[in-house]
Amino acid sequence: MNLFAYTIIAGIMYGVFFGLVGLGLNIIFGVMRMINLAHGDVIMLGSFLAYWLYELLGFNPLLVVPVAVAVFFLVGFPLYYALVPRLLRSKDPEMLSFILFFGVSQVIEAVIIFAFGNNQRSIPFNVFGSAGFDIFGQRFPIAWLVTTLVALAAFGFIYWYLQHTRMGYATRAVMANRDEAMISGIDVNRISAVVFCMGLALASIAGIFSFFIIGASYPSMGPELTTVSFAIIVLGSLGNPLGTILGGLIYGVAIMFMQSYFSSWANILPYVLLIAVMLFKPEGLIGKAARSA
Amino acid sequence: MCPNGKHLLKVEGLVKKFGGFRALNGVNIDVREGQIVGLAGPNGSGKTTLINVISGVYRPDGGSVEFDGRSVYKLPSHKIVRMGINRTFQVPKPLAGLTVWENVKLGAVYGSREGNRRETVRQALEIVQLHNMKDSVSADLTFAQQKLLGLATALATKPKMLLVDEIAAGLSHQELLWIAEMLLRIQKTGVAMIVVEHHLGFIDTLTSDVVVMNAGANLFRGSIQEAAQNDEVVEVFLGR
């Protein structure tokens, strides 16, 4: 019974984190209808930023969050305007985006391996204090609580942005229909650029806290994280950012069960979930009605 | 019709290529203030492509587009909308998760810089007679109502010129008559229009000035009656 309760509670915390892992990918897909295959590499870059700021300057990971947001907005805008408008004017932007972002992913991985080597790196669990915390008699590391709260704050921010800001209103319109949004007078390119940067920033925040859930960071972790993210957003609903939290929770609880009871099979879980959803509910668990909102 | 008004839209030698295919091959069209011009032609003649290029959905590859004395050539859609050109889509594209009111409000918020937005939305919905459905989710509307919603969203941007793309397709005779009356009422407020339509009878109820296109180029300009006497027009429509 103890293991079961532990598995459920830990699975929920994992799930909230994995929701954050998929959130950036889904928000970019929602607005641009493109899958950013370099998403996992951005998560890796976020983790490296956190690692080096911790190692060199003693930065607490929480302090790295505003730094990462600033860095990825600064990098994201020129990257967006250099790549995406040209891509959108092409005959088959979705297919070309796969190839282009796959290339970006390979370049990021190669550059980081070249610069730092392919070693694993980590930030100690006790960076937020060595005390644990109890839920229903189960003890968990404080780093998990901090990670969960940061992920929930990110979801809260996205909800606030989409539902309560003027730019969020325009973003929902672009997500629902790019052409109609365009002729309503919305600058869809500007909205897409902002959301692209937001997606990168969210991925980097997931990277900062990945040490406490995944364990370590290494340059070649990107493609695996992209696959996991893709499984999560397909599970929730492609293009519906807030559906990602559902996908993350299902993935988190499922992976925790696998690790607790069938640990040697845990790594195939994202692929099994992807195939199952594609076969039986390709529109995602939340469905089509929510996807367009 | 206002044949003596000044030129509002002037398109000259417009070219749009898709790979090696020239969908528009030097199209010319001009529209005066408050005028309705019908745009007809067989499938694939380039009518919708012309609307897409003028409205900034597609980028042109040559020629010029002037609106109200200023070039709108290669401008992005949102700037063209704010200058006073808007359009409807052949297949309506409402923002499915939003209500009728929210859809139209989007046009008032982003497409128009003047006036009371609430009043603008109310008036646009009243013109298309969807005001009693303002709280309905747009995905629940019928096909015809979704077309009207697209028109209301365009009207909420307070356009000087509307590009109406096959609004009559798939509608009943009664609905056609009602829509024709509504477009004429909109014209009376000073809005010029290009009305793309296969249904020549529908165009005839709106205007006596029709441009016929074929293979991405101008073929004819005149009244429907004159078009019916023109051998080239008859040939492209009937294949004789």
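Please read these numbers as outputs of a predicted model, since none were measured by experiment.
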Checklist line | B/Tyr73, OH: over 12 other non-hydrogen atoms inside 6.0 angstrom | finding: yes

Item checked: Residue-level contacts of residues 151-167 of chain A with chain B, using a heavy-atom cutoff under 4.5 Å -> A/Arg166, A/Met167

Segment of [X] engaging chain A (4.5 angstrom heavy-atom cut-off):
X: B/Arg82; value: side chain
X: B/Ser55; value: neither
X: B/Val104; value: neither

Margin query: One thing to verify: whether B/Arg122 and B/Glu126 come together as a salt bridge, which I'm taking to mean a side-chain N less than 4.0 angstrom from a carboxylate O.
Written below: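 Yes.
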
Item checked: Quiz item: cation-pi between B/Arg87 and B/Phe89, 6.0 Å / 45° -> yes

Note to self: Tell me whether B/Lys147 forms a cation-pi arrangement with B/Phe143, defined as NZ or CZ under 6.0 Å from the six-membered ring centre and within 45 degrees of its axis.
What the structure shows: no

Item checked: Pairs satisfying side-chain hydrogen bond (donor to acceptor under 3.5 Å, both in side chains), at least one member in residues 90-107 of chain B, at least two apart -> A/Asp179-B/Lys93, B/Thr48-B/Gln90, B/Thr99-B/Glu102, B/Asn103-B/Ser138

Notebook entry, point to check: Are A/Asp187 and B/Tyr110 linked by a side-chain donor-acceptor pair shorter than 3.5 Å?
Noted result: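 Side-chain D/A pair, A/Asp187 to B/Tyr110: absent.
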
Next item on the list: Step by step, work out the side chain to side chain contact (heavy atoms under 4.5 Å, CB included) result for A/Leu273 and A/Ile232.
Entry: CA-CA 9 Å; A/Leu273 285 175; A/Ile232 288 165; over 6 Å; no

